[in-house]
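Everything numeric in this text was worked out from a predicted model, so none of it was measured.
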Amino acid sequence: MSGLLSTVAALAGTPGGLATAFASGVVAGLAIAVPVGAVSTLIVMVAAQRGWRVGAAAGLGAATVDGAYATVALVAGAALAPLIEAHRTTLRWSSAVVLAAVAVVLARPAWRPAAAAPTTAAEKRSALRPGRAYLTVVGLTAVNPATVVYFAALVAGPAARTVTNPPQRAAFVVGALLGSACWQLLLAGTGSAVGGVLTGPRARRWTAAAGAVAVGALAVATAAGG
């Protein structure tokens with residue numbers, strides 16, 4: 001993480017106008033997105049269970065928040081960072097609650113006898129669709145303590161002080177959004193490929209159980225401050 005932020009600082013401090021601001025934004029987006037955590041694990045698991053469209057929607061939800069954080073970092077990050085740190089415990093518990101709820105949703109296919117897909121109208125409404133996956137991950141990423149920590153590190157660094165004019169700021173934000181989105185979509189593609197191999201009802205039940213256990217463990221670790 002520190003190495004990536006150093007790269008951001010170096011790029012932001014060199015001449016090059018919009019191209020340099022965009023490149024530093026891409027690196028900043030990757031710095032936020034690449035570390036493996038609750039959100040990245042969830043994207044892989046959702047894609048494995050629900051397919052590419054749902055997994056990609058989840059990934060774009062995370063990228064959307066990363067882009068929003070990059071925007072706030074350049075506009076008012078220095079003033080907001082202490083406030084975010086002061087509410088870190090609340091954010092951590094909020095994230096744990098969301099993760100626990102998602103773990104229950106992921107576990108539901110494992111409880112069904114052998115049905116590979118929802119059949120009733122109620123089951124179809126409760127299934128995790130792209131829109132719901134997007135909003136779920138938006139909420140989870142927004143309160144994810146790891147994302148908040150990276151956000152605070154970004155706004156405290158030289159990038160926020162050297163990318164100063166509006167066009168450079170816009171290029172930085174677009175770069176951060178695209179850098180994060182590319183990584184999140186790669187995670188979704190990986191999960192979808194794994195899910196494509198495990199096509200039988202029994203395999204999908206095992207995948208659902210494994211995903212629920214993994215996300216549930218992340219909920220416990222998050223609540224414990226991990």
Side-chain angles (χ1 to χ4, degrees), residues 1 4-5 7-9 11-12 18 20-43 46 54-88 90-99 102 130-188 222:
M1 175 65 185
L4 285 172
L5 288 176
T7 304
V8 174
L11 285 171
L18 296 181
T20 300
F22 176 81
S24 62
V26 170
V27 177
L30 291 173
I32 294 173
V34 168
V36 176
V39 173
S40 56
T41 302
L42 177 61
I43 291 169
V46 166
V54 178
L60 291 177
T64 299
V65 176
D66 290 343
Y69 274 163
T71 302
V72 174
L74 294 176
V75 174
L80 289 178
L83 181 63
I84 292 171
E85 186 63 28
H87 292 83
R88 185 174 179 180
T90 301
L91 292 170
R92 187 180 77 244
W93 278 101
S94 299
S95 181
V97 169
V98 174
L99 280 169
V102 171
R132 179 180 291 185
Y134 175 85
L135 293 176
T136 298
V137 176
V138 163
L140 180 58
T141 307
V143 299
N144 184 15
T147 305
V148 174
V149 170
Y150 300 152
F151 167 64
L154 176 62
V155 301
R161 297 193 298 270
T162 55
V163 182
T164 55
N165 63 60
Q168 287 180 338
R169 289 179 178 178
F172 183 91
V173 169
V174 171
L177 177 62
L178 291 180
S180 176
C182 288
W183 179 259
Q184 311 297 356
L185 292 177
L186 176 62
L187 293 178
T222 299

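Between the side chain of Tyr69 and the main chain of Ala142, a donor-acceptor pair closer than 3.5 Å is present.
Under the side-chain contact (heavy atoms from CB on, under 4.5 Å) rule, Ser180 has a single partner from Asp66, Thr64, Val34, Val26, which is Asp66.
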Worksheet item: Step by step, would you call Thr41 with Leu187 a side-chain contact (heavy atoms from CB on, under 4.5 Å)?
Response: CA-CA 9 Å; Thr41 302; Leu187 293 178; over 6 Å; no
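Closest of all the heavy-atom pairs between Ala70 and Phe172 is CB-CE2, 4.3 Å. Between Val137 and Leu42, the shortest heavy-atom contact is CG2-CD2, 4.2 Å. The two residues Ala62 and Val39 make their nearest non-hydrogen contact at CB-CG1, 3.8 Å. Annotation for Leu18 and Ala171: closest pair O-CB, 3.7 Å, computed over non-hydrogen atoms.
In terms of the side-chain hydrogen bond (donor to acceptor under 3.5 Å, both in side chains) criterion, Thr71 has no residue partners (sequence neighbours excluded).
From Leu140, atom CG reaches atom CG of Leu135 across 12.5 Å, with rounding to the nearest 0.5 Å.
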